[in-house]
Protein chains: 2
Amino acid sequence: MMRTEGTGKSGYHHGDLRNALIEAATDLARDGGPEAVVLRAAARRVGVSPTAAYRHFTGQGDLLMAVKEQGQRGLAETMERSAGARGGSPSAGEAAEERVRALGAGYIEFALAEPGLFRAAFCRTPEAPDGGHGPGPEEDPSRWMYRSFRLLAEALDGLVATGRMPAGRRPGAEITAWAAVHGLAVLLLDGPLGRLAPEQRDAFTASALTTVIRGFTAPERPSATRPAGPAAKDAPEHDVS
Amino acid sequence: MMRTEGTGKSGYHHGDLRNALIEAATDLARDGGPEAVVLRAAARRVGVSPTAAYRHFTGQGDLLMAVKEQGQRGLAETMERSAGARGGSPSAGEAAEERVRALGAGYIEFALAEPGLFRAAFCRTPEAPDGGHGPGPEEDPSRWMYRSFRLLAEALDGLVATGRMPAGRRPGAEITAWAAVHGLAVLLLDGPLGRLAPEQRDAFTASALTTVIRGFTAPERPSATRPAGPAAKDAPEHDVS
DNA sequence: GCCTGATGTTGACATCATTAACATCCCTCT
DNA sequence: AGAGGGATGTTAATGATGTCAACATCAGGC
């Protein structure tokens, strides 16, 4: 097959563009973020005319979409690697907790290692108006999109299964976990924590993860002035997308 | 003075452009986000030549910066309003906790009410290379920037002062709190929770706030298999910017 | 062995940011 | 008061971008 390789021009017009363009565009995103994903530039890198890209993508937005997918894939892989490479687990509950922590740490790790790709992975897309999609098998984004999200959710299920987290807190928990981790990543990349020493970033990450996990696993405050609680709008329906 | 008003053309060239441009650009951002802040469009709205803007801004990036400031201001004001309008406080500790909660809710409220402005408020800026700044008294961004961040930090101080939150957890806590709230906002705006019923969004928000606050205030798990804790990289140095 | 469709190319257009050169108008200094 | 100067805007031009229409080329099936 020889796909997505530089020497892939088999005498054909190119071999397989599309993948070559995706690779070029991903490189652009790697240093420069989503706004650096310029259709003409990608075509230039591949050594092809700008309009050639329109044979494989509906336009620049579609190309960016492909880059997003690359970014999401990389993120999920880093998270899985981080969770897989964690040390021994004293107990089942401990293991589940450590997995949540490792996934969160992997999330931050990827964001810091590949800031451009990370930003591209979560950049806003004009949202195709549905209906007539151009060339290229445009799959349902929800399958690969936000795979990191599902990883987190499954880890939280483990937290409940081992009894570490009350089942009543489970609904919406993946939202909370994702929000905390993603917000931290954004804060570290673009926010006031832009230039910070690595060990400080790690410390903040550990602190945030500890706090959120404690929020999931800690018992309810014993001497509460509110038995039912006025802000008891907790535990919402769990329905994503 | 008659500034920033539509009828402000006092026979002068315009009265005060700059503010008129900022207003126009802010309107553009309101529906369309930061990428809709197009210099030429803003100038067109004000009824002025595109290059006229260069007398008041170094370029489009500078104009966007002004819009960011508007967004940050709006965000902080919504948060303060939300925190100020909260009900009675049974105890000091309870009040501090409710303030944190109200600030977070205000954060989300603004993000949902003004999605374009919110995104503009946190959009990436090329970061002026320091040194020769163009026209316009370019103040230090850290003063108005991230005012919401400071609000959150002060509320957390209150949490410690009333004894609700152990002092040892305070360092880095504003990072955690900000991350959770900001991540949730992004998730609701651009993420998988894009189109969700309002009451569900409120429920998720309440759930996230409850979890994080519990993480701040809950006692350490009593029957822990780890007395000192292997993941005790908590409590990092507190140094922003 | 030619025709059809996939794949690329050239040319053109509209928009954008930005600069240079020029015009205008108010304010201040003498 | 009147002239100059600086602030404020305008026109013209440049280079980059996304995108479309028309044309060229190559592979493989009838």
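In what follows, chains are A, B, ... by sequence order, proteins preceding strands, each numbered from 1. Values below: every heavy atom of this structure, side chains too, minus hydrogens, waters and symmetry copies.
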Participant: Indicate for each nucleotide in nucleotides 14-22 of chain C, in 5' to 3' sequence, whether protein heavy atoms under 4.0 Å reach the base (B), only the sugar-phosphate (S), or nothing (-).
Facilitator: --BBBB-B-

Participant: Listing request: all side-chain hydrogen bond (donor to acceptor under 3.5 Å, both in side chains) pairs with a residue in residues 176-185 of chain A, at least two apart in sequence or in separate chains.
Facilitator: A:Tyr107-A:His182

Participant: Output all residues satisfying side-chain contact (heavy atoms from CB on, under 4.5 Å) with B:Thr78, sequence neighbours left out; order by chain, then residue number.
Facilitator: B:Arg81, B:Glu109, B:Phe110

Participant: Report the distance from atom CG of B:Leu17 to atom C1' of D:dT10, rounded to the nearest whole Å.
Facilitator: 13 Å

Participant: Output the rounded distance in Å from CG (A:Asn19) to P (C:dT7).
Facilitator: 13 Å

Participant: Specify the separation, in whole Å, of atom CZ of B:Phe57 and atom P of D:dG9.
Facilitator: 11 Å

Participant: Under 3.5 Å, which donor-acceptor pairs do the side chains of residues 44-51 of chain A form with other protein atoms, sequence neighbours left out?
Facilitator:
from, atom 1, to, atom 2, distance (Å)
A:Ser49, OG, A:Thr51, N, 3.4
A:Ser49, OG, A:Thr51, OG1, 3.2

Participant: Identify, with sequence neighbours excluded, every residue that meets salt bridge (Lys or Arg N to Asp or Glu O under 4.0 Å) alongside B:Asp31.
Facilitator: none

Participant: Suppose we screen for side chain to side chain donor-acceptor pair (under 3.5 Å). Which residues come up paired with B:Arg119, at least two apart in sequence or across chains?
Facilitator: B:Asp190

Participant: Please report the interatomic distance CZ(B:Arg147) to CD(B:Glu77), rounded to the nearest 0.5 Å.
Facilitator: 6.0 Å

Participant: Please determine if a side-chain N or O atom of A:His56 lies less than 4.0 Å away from the OP1 or OP2 oxygen of C:dG8.
Facilitator: yes

Participant: Rounded to the nearest angstrom, tell me the gap between atom CD in B:Glu35 and atom C1' in D:dT17.
Facilitator: 16 Å

